[in-house]
Amino acid sequence: MTGDLFAALPREPDIESITEGATLLRAFVSDEEAAALVAAIDTVLAHSPLRNMQTPGGFRMSVAMSNCGQFGWVTDRRGYRYQTLDPLTGQHWPDMPAAFVALAQRAAAAGGFAPFLPDACLVNRYDPGARMSLHQDRNEEDMQQPIVSVSLGLPATFLFGGMERSDKPQRMRLESGDVVVWGGPARLAFHGVDVLRDGEHPLTGRCRYNLTFRRAR
DNA sequence: TAGTGACA
DNA sequence: ACAG
């Protein structure tokens with residue numbers, strides 16, 4: 001016997017290419033760092049609470065969102081955009097925690113996109129049943145800048161498609177501590193998240209947090 | 001088309 | 001598909 005059948009399997013860091021310009025960094029975030037990130041998320045959300053935004057089509061998103069940093073991504077009946085003010089509080093979005101910036105820069109570098117100076121961080125909370133249909137991130141000014149997406153808590157199935165909505169997406173399981181970085185030829189790739197399955201995670205309980213770092217301007 | 005819902 |  002080389003190991004206890006019931007011991008937690010160690011997740012070793014690993015880098016995988018998804019497609020040209022897109023990289024999956026498995027277990028890029030340590031459990032210790034992940035715990036610090038979740039604590040920082042709590043601080044952010046105390047200032048700008050999660051809310052289920054409305055799409056231009058008039059539907060509420062199942063993913064609860066907030067932001068930190070100089071700019072925040074918002075949607076309502078008028079469309080998608082970045083704003084310096086939180087429409088819920090009327091105040092500026094909370095500062096991006098230093099630990100967020102450090103992680104985003106490390107991950108971007110690992111994905112081949114250094115330097116990266118994010119000015120926006122979207123905080124997404126997926127509860128069981130929440131999903132995000134295929135879309136492109138196209139509200140940023142400089143498409144030369146990458147997207148960095150961090151998973152914390154419950155696992156999810158990430159969908160990474162091509163340049164056309166009709167392209168069949170690759171499906172990949174993202175676990176807590178995984179990071180996906182995309183840019184260059186993959187910058188406008190369609191992507192989404194499949195319906196989140198219920199479960200329990202020691203770090204977050206019954207939810208998944210996703211931090212998405214961008215350069216809005 | 002960052003949404004839902006019907007139908008096969 | 002749909003409707004926004």
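All of these numbers come straight from a predicted model, not from anything done at the bench. Below, chain A is the first sequence line, B the second, and so on; all start at residue 1.
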Exercise. Any chance CZ of A:Arg81 has more than 12 other-residue heavy atoms, nucleotides or ligands included, within less than 6.0 Å?
Worked result: yes
Exercise. Would the number of heavy atoms belonging to other residues, nucleotides or ligands and lying under 6.0 Å from CD of A:Gln136 be above 12?
Worked result: yes
For this session: Would you kindly give the CG-to-C1' distance between A:Asn52 and B:dT4, to the nearest whole Å?
Result: 15 Å
Exercise. In whole angstroms, how far is the P atom of B:dT1 from the CG atom of A:Leu188?
Worked result: 12 Å
Exercise. Between A:Phe59 (CZ) and C:dA3 (P), how many Å, whole number?
Worked result: 10 Å
Exercise. Within the structure shown, what part of the strands sits under 4.0 Å from A:Met132 by heavy-atom distance: base, sugar-phosphate, or nothing?
Worked result: base
For this session: Report yes or no: do A:Val123 and A:Leu152 belong to one cluster of Ile/Leu/Val/Met/Phe/Trp/Tyr joined by side chain heavy-atom distances under 4.5 Å?
Result: yes
Exercise. Which is true for A:Arg81 with a 4.0 Å heavy-atom rule: it touches a base, it touches only sugar-phosphate, or it touches nothing?
Worked result: nothing
Exercise. If you write DNA chain B from 5' to 3' in dot-bracket form, with Watson-Crick or G-U pairs under 3.5 Å, [ ] for crossing pairs and | for pairs with another strand, what do you get?
Worked result: ..||....
For this session: Would you indicate what A:Arg77 reaches in the nucleic acid, counting non-hydrogen atoms under 4.0 angstrom: base, sugar-phosphate, or nothing?
Result: nothing
Seminar exercise, completed: In terms of heavy-atom contacts, A:Cys121 and A:Phe100 come closest through SG-CD2, 3.9 Å
For this session: Using the C1' atom on both, measure B:dG5 against B:dT1 and round to a whole Å.
Result: 14 Å
Exercise. For A:Arg214, which residues count as a salt bridge (Lys or Arg N to Asp or Glu O under 4.0 Å) partner, sequence neighbours excluded?
Worked result: A:Asp137, A:Glu140
Exercise. When the distance from CZ of A:Arg60 to P of B:dT1 is rounded to whole Å, what number comes out?
Worked result: 21 Å
Exercise. With a 6.0 Å cut-off on ring centres, are A:His191 and A:Trp182 close enough?
Worked result: yes
Exercise. Should the heavy atoms of other residues, nucleotides or ligands under 6.0 Å from CZ of A:Arg206 be counted, would the total exceed 12?
Worked result: no
For this session: Using the rule that two of Ile, Leu, Val, Met, Phe, Trp, Tyr join whenever any of their side-chain heavy atoms come within less than 4.5 Å, decide whether A:Phe116 and A:Leu37 are in one cluster.
Result: yes
For this session: Name every residue in residues 135-156 of chain A that has at least one heavy atom under 4.0 Å from any atom of DNA chain B, in order of residue number, or write none if there are no such residues.
Result: A:His135, A:Asp137, A:Asn139
Exercise. Does A:Tyr126 have A:Arg208 sitting over its ring (NZ/CZ under 6.0 Å from centre, angle to axis within 45°)?
Worked result: yes
Seminar exercise, completed: A:Arg131 atom CZ is separated from B:dG5 atom C1', nearest whole Å, by 11 Å
